[in-house]
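First up is the structure itself, then whatever we jot down about it.
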Amino acid sequence: MTTRLNPITTPRHELRAEKVRRNKGEPGSAIGSRNRANALAAFIGKKAEIDEMLARLQALSDDHFNCAPDEAGWGMVGTLEHYASLLKRITDSAFGEGEHAR
């Protein structure tokens, strides 16, 4: 039985594989080391960005989302429901839960 390759997608996958090989570099090569260092720097930068957002959200939560008890109403409940739904999408993705369950 002969397997026929899809001529439209195969070149794309070959290019992607080549890019991975090129970016990865050979073990111990200057290119591989530089790419890993760049990836690490980008990772640390994104982690710091997320940590800052989490700290700001925690501070806002600690302050009851700037809502005084006598101002709490259904509008604020809706706002918090929206925030919770966005955060649930993130936590589901991060922990492999909900629609991201494995």
Side-chain angles (χ1 to χ4, degrees):
M1 174 183 224
T2 304
T3 303
R4 194 176 161 125
L5 299 176
N6 183 334
I8 296 171
T9 59
T10 301
R12 185 184 79 209
H13 290 102
E14 289 172 359
L15 289 172
R16 182 178 291 162
E18 176 57 32
K19 183 177 179 182
V20 168
R21 283 191 295 273
R22 188 173 57 244
N23 286 340
K24 189 175 180 183
E26 293 300 316
S29 72
I31 292 173
S33 296
R34 183 175 64 238
N35 284 330
R36 283 187 295 281
N38 290 344
L40 178 59
F43 176 86
I44 290 170
K46 285 298 170 189
K47 184 190 176 310
E49 190 177 328
I50 290 170
D51 288 346
E52 182 180 339
M53 287 188 274
L54 290 172
R56 291 180 67 208
L57 281 171
Q58 185 61 58
L60 186 63
S61 177
D62 290 346
D63 195 30
H64 303 336
F65 295 91
N66 296 323
C67 183
D70 59 339
E71 295 173 351
W74 289 112
M76 193 59 187
V77 172
T79 298
L80 292 181
E81 185 175 329
H82 177 68
Y83 294 168
S85 71
L86 295 173
L87 288 169
K88 176 130 178 60
R89 289 176 59 194
I90 294 168
T91 56
D92 281 356
S93 177
F95 297 108
E97 299 169 344
E99 69 180 63
H100 300 278
R102 294 172 180 86

Checklist entry - If you count the non-hydrogen atoms of other residues, nucleotides and ligands that lie under 6.0 Å from CD in E81, is the total more than 12? => result no
Checklist entry - Sequence neighbours excluded, which residues qualify as side chain to side chain contact (heavy atoms under 4.5 Å, CB included) partners of L86? => result H82, R89
Item to check | NZ-CG distance between K47 and L40, expressed to the nearest 0.5 angstrom | outcome: 12.0 Å
Item to check | Greater than 12 external heavy atoms within 6.0 Å of H100's NE2 | outcome: yes
Checklist entry - Quick one: NZ on K88 to CD on E99, what's the gap to the nearest 0.5 Å? => result 9.5 Å
Checklist entry - Who are the side chain to side chain donor-acceptor pair (under 3.5 Å) partners of N38, not counting sequence neighbours? => result none
Checklist entry - Got a second to check how far I50's CD1 is from L57's CG, nearest 0.5 Å? => result 12.0 Å
Checklist entry - What is the minimum heavy-atom distance between M76 and C67, and which atoms define it? => result CG-SG, 3.8 Å
Item to check | Atom pair CG/CZ of L80 and F65 - distance to nearest 0.5 Å | outcome: 5.5 Å
